[in-house]
Amino acid sequence: MNELFRIILSLVIVIGFVLINSLVLVWLERKVSARIQLRRGPLYVGWFGLLQTFADALKMLGKELIFPKNCDKVLYFLAPILSFAPVLGAFLVIPFGQHLVIQDLNIGLLLVFAFSGLSFIGIFMAGWASNNKYSLLGGMRSVAQNISYEIPLLLSSLNIVMMAKSFRLSDIVRAQAHVPFILLQPLAFIIFITSALAESNRTPFDIPEAESELVAGFHTEYSGLRFGIFFISEYTYVFISSCVATALFLGGSHGPFLSGWAWFLMKAYFVVFVVMWVRWTLPRLRSDQLITFAWKVLIPLSLFNIICTALALQLLKQ
Amino acid sequence: MTQTQNDTHWITEGLTVESALEHVYAKNGFHQEFVISKDSLRELAQRFRSREYFLECLSVVDYPDHFECCYQFNRWDKIHRVLVKVRNPDKTHPHFPTLSDIYEGANWYEREGYDFFGVIFDNHPHLTRLLLPETAKIHPMRKDFKGDSGTDVEDVLALIEYEDHQYEKVSQELKNKYQKDYFINMGPQHPSTHGVLRLLLHLDGERVLETYPVIGYSHRDHERMAEYKNYLQFTPNMGRMDYVGAMSFNFGYIGLIEKALGMAPSPRAEYIRVFSTELNRIASHLLWLGTYLLDLGAMTPFFYCFDDRENILDMLEMLTGERLTYNFFRFGGVAYDVPEGLGDQLKAFIPKMRGRLKDYKILIEKNIIFMKRTKEIGVLTKDQALSYGVTGPMLRACGIAYDIRKAEPYSIYPEMNFEIPTFPGCDTFARYQVRLAEIEQSLRIAEQAFAKMPEGPIKGEKAPKVSPKVPAGEFYFAVESARGHYGEYLVANGSANPYRLKQRTPSYANLSSLSSMLSGHLVADVVAVLGSTDVVMPEIDR
Amino acid sequence: MEIREIQKVTPDDIQVSEGVALFKLDQLLDKARSNSLWPLTFGLTCCAIEMMAVGSPRYDIDRFGFGVFRATPRQADVMIVSGTISRKMAPRIKTLYDQMPSPKWVIAMGGCAIAGGPFKYPGQYAILEGIDKIIPVDVYIPGCPPRPEALVSALLKLQEKITAKKD
């Protein structure tokens, strides 16, 4: 009973955190992009435009919700929820601090991947149900991309599992008490971040919603709140990816002076910043080049990396 | 005289020629003119095609007693503009032979002729409306058409009803006809069709099987307006036709009327014209660069290019008082003299722009994604370019140094020291290279023109105070706009307004070549290739 | 008759306090809407370039929260009709307007969108003389083309219009 109460309470906290966090992230994105682009960004709505995204969210609440003609109403309605809900599950196992983790499962890492792997089903459903060819193209691209990049994502994190000898995220963080794994596994880190970018549909891999090609991709027909949910889930995925990268490679909550959760959040936000930086710097890949890149470059590289890691571990043991 | 006749004996050998004329190029822009019979036209066109002449322009003119098709053929390497006329006295349903299988560029010109004049080109593969909506019942450029300005709302409502009805019908038909492949409409409202272009793509998955550009969504009857307004009243239209590079269009129209009147602008005005045109060309190329990279998915360059462009607009605003749709050139001169302080701004701007250009080159060409997206995409061969009459940076990206500023020099361009950048790639990357190199050359020209600018009045001595009357005759004048060969064919009858003013706009021919560049590419490449053609829709739709 | 009844209600009546709360929420929503006007990426002719320029570093309408240009009408709040409306294009504009979710606003930018601009002359056959003949317009911006500052000012005007007291 006590356990159940704890879970419900943490779910409420997580949902609140996710909502506020993604609003802040959107604000941050607009500020970062503005700085990169010689502009100022949101400035007049609230202090430094901080209330800008809250205004946007409130506006979306008040917008008309449209069912397009001939759409599949059930799927159309379910798609945004299905793309958003799994990401909440991923928060279960993220070790924000030494003991700040909702449920410290021994297969935590797998759980994160399992949940984040579900996201594209929502996207594909949105693409299919909208009865719009641009949406369908976006949905198809999303499936191809997610399936391809899931593999290097898992393979690159396998190195870490081999070194930490555990799937439990808190164990992995504990293993980095002295040296963060990014120093030992730089290649795995690069592969991980690249694949994570692709998994969360960010530039240069944002082909499912490529604005200049597919208008808005899979969410072309979505308006108001439903579009808002897609928007929030995208940013939450970025944040979750950054959290996992922090736990796997950047030493998680380890750091001097400050308490653990502060270090964790700082590192995670730094990764988010890098992701934004990449987005406003690079052009977009073409869909076939994207898939080729995953299968012909990333996967062989990560396999090679795994072999190297295994050999090194074996040698060190002897 | 005899020399040219000998050289060009092959043109009409064995064909029925109704009359032949030798023109003085300096006076009206043509070298030779032939009036031939309808049956000899195709044979003649084939001869031109085999000797690497391109179809520069096709204009239909409605004379009181006959319709006339005026074909202009020209060469890239050595300018030789031949005007070939075919006449048909049938005033209701005039028939002409089609050239669309010999010159693919003729396809659109002929559809436009059908659209505007109701002229029928026999054996044309797809003779339908080009610029007006499908429901239109009028042939507006005919002299007996009196206009229907009162019916605009009814027309629109009728079109809405027609399209709703047609949509159901056509979509059902297509569904039955095609199983695996499908059609998708890109535009007229699409973030990267650069205005109101509509591309009907026939796709198999993401692969493009066929592309059908549909134009006319910003048709504003410039050509008919020219017949209704007098020569001076028509000048503001030039700034609205190609609003990105408005100065070149000013140059084209004013130059044409000056040529027809046989007068020269004042020397100072010539230099002001040249440096303002070149600055405007840089602004146009910068806008292209920004939006092109936006099409490829990189947002940030857009803002940097606009930042630089604003500097140019500042200078041009000092000079003309306008930011975009310049109406600055006057017959025999320009509207205003160079204001104080412009020289300093220009001197500060040129080195800054050169530095920025270097940055752009490093940032763009060192980016592997950009290279992968543009190299060997949208290849346009030299022969295709000839067939479509492609000009401007797109042609120079095929390695052909055809630039009006050198090929048939006008104004003070012969005195300027500059090069024509060409690249042999034929692909979208080569087009990017050409435009970036042209920015550098335009900076050179602007610098020289400003430095050499003499003192004196800004209007020539003979500059007309009121709208002039152009003597009867036919005139052609071409300039190099930011997008290519911009020419105007004027038929004057001695009255206060033109009898016919045909605009040969560069993007029109360039865009018609799009479908041949796209087959086999992916949807993402459609955007990359379309962006590389640098179209400005109102200039195409006119 | 109804008005009298409402006047009779005492201040501590539940209905009134609900009404006040609703009114406040309404105002808050209006405030949010007015600060987050996302324009539709939709350019017609010349004015479209000036519309692009307002996003550029010098004018930067993102400062006011108007900088999120959406390419799909489903996610846009305000349509900036920037240029001449040809008769061929007018049905598409109407479709786009119909596809936008309410509440939505329209700005007619430039002479052509207001009344045909320089292309209106007796006997023209190609254009629709003013976008307000087919869709309702909230703010008109004169100019050919209007400067980017004028567009920014129009958006601020629209903001005023949205937050103005309604009776």
Side-chain angles (χ1 to χ4, degrees), chain A residues 29-30 32-41 69-70 131-145 194 197-198 201-217 220 276-293 296-297, chain B residues 164 167-168 171 174 181-187 189-194 199 201 203 205-208 290-308 310 356 363-364 366-375 377 521-531:
Chain A
E29 171 111 324
R30 284 170 78 167
V32 168
S33 71
R35 277 293 158 198
I36 291 174
Q37 295 166 349
L38 308 170
R39 299 185 291 123
R40 299 297 299 274
K69 200 175 164 188
N70 296 337
N131 188 33
N132 179 317
K133 286 167 193 162
Y134 286 115
S135 304
L136 183 60
L137 272 176
M140 290 189 325
R141 284 177 173 194
S142 161
V143 172
Q145 174 178 342
T194 317
L197 275 177
N201 301 334
R202 301 278 297 184
T203 318
F205 308 107
D206 63 340
I207 59 162
E209 48 185 313
E211 182 168 308
S212 58
E213 296 154 27
L214 301 184
V215 185
T220 303
M276 288 175 183
W277 189 2
V278 169
R279 171 170 184 183
W280 299 106
T281 312
L282 292 178
R284 181 184 307 122
L285 276 165
R286 209 171 57 203
S287 43
D288 62 327
Q289 291 167 347
L290 183 90
I291 309 291
T292 318
F293 183 61
K296 290 194 179 162
V297 181
Chain B
D164 282 353
Y167 173 76
E168 300 293 332
S171 57
L174 291 178
D181 38 349
Y182 59 102
F183 286 84
I184 194 165
N185 264 317
M186 203 179 232
Q189 182 263 337
H190 187 279
S192 48
T193 51
H194 296 258
L199 294 177
L201 301 175
L203 299 176
E206 285 218 26
R207 206 158 283 282
V208 179
T291 49
Y292 184 54
L293 287 161
L294 195 66
D295 290 346
L296 294 178
M299 311 244 189
T300 304
F302 172 82
F303 294 90
Y304 281 79
C305 293
F306 259 73
D307 191 41
D308 286 341
E310 286 291 337
R356 283 300 265 275
L363 284 170
I364 294 169
K366 292 263 163 76
N367 188 320
I368 185 164
I369 300 178
F370 176 80
M371 301 299 275
K372 285 233 169 200
R373 285 294 303 273
T374 54
K375 277 220 158 159
I377 300 294
H521 284 320
L522 297 175
V523 175
D525 294 325
V526 174
V527 175
V529 175
L530 176 67

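Just the heavy atoms: all of them, side chains too, but no hydrogens, waters or symmetry mates, feed the values below. Predicted, not measured: the structure shown is a model, and the values here were computed from it.
A donor-acceptor distance shorter than 3.5 angstrom exists from the side chain of B/Thr300 to the backbone of A/Trp280, with no hydrogens or angles considered.
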How far apart are the C-alpha atoms of B/Glu206 and A/Ser287, what are their side-chain angles, what is the distance that settles it, and do they pass the side chain to side chain contact (heavy atoms under 4.5 Å, CB included) test?
CA-CA 9 Å; B/Glu206 285 218 26; A/Ser287 43; 3.6 Å; yes

Please test B/His190 against A/Val215 for side chain to side chain contact (heavy atoms under 4.5 Å, CB included), starting from the C-alpha separation and ending with a verdict.
CA-CA 6 Å; B/His190 187 279; A/Val215 185; 3.6 Å; yes

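Residues B/Tyr304 and A/Ile36 share a closest heavy-atom pair of OH-O, 2.9 Å. Nearest heavy-atom pair, A/Leu38 versus B/Arg356, reported as atom, atom and distance to 0.1 Å: CD1-NH2, 4.3 Å. A/Arg141 and B/Val523 get closest at one heavy-atom pair: NH2-CB, 4.3 Å.
The line from NZ of A/Lys133 to OH of B/Tyr182 is 8.0 Å long, rounded to the nearest 0.5 Å. Between atom CD1 of residue B/Ile369 and atom CG of residue A/Leu290 there is a gap of 9.5 Å, rounded to the nearest 0.5 Å. Considering CE of B/Met299 and OG1 of A/Thr281, their distance stands at 12.0 Å, rounded to 0.5 Å.
For B/Leu293, no part lies near chain A; criterion is any non-hydrogen pair under 4.5 Å. For A/Gln37, the parts lying near chain B are the backbone and the side chain together; criterion is any non-hydrogen pair under 4.5 Å. In this structure, the portion of B/Leu294 lying under 4.5 Å from any heavy atom of chain A is its backbone and not its side chain. Contact annotation for B/Phe306: neither backbone nor side-chain heavy atoms come within less than 4.5 Å of a heavy atom of chain A. Looking at B/Ile364, there are no atoms closer than 4.5 Å to chain A (heavy atoms on both sides), in backbone or side chain.
The shortest side-chain heavy-atom distance between A/Thr292 and B/Lys372 does not fall under the 4.5 Å cut-off. Side-chain contact between A/Arg286 and B/Ile377 is present, with at least one heavy-atom pair separated by less than 4.5 Å.
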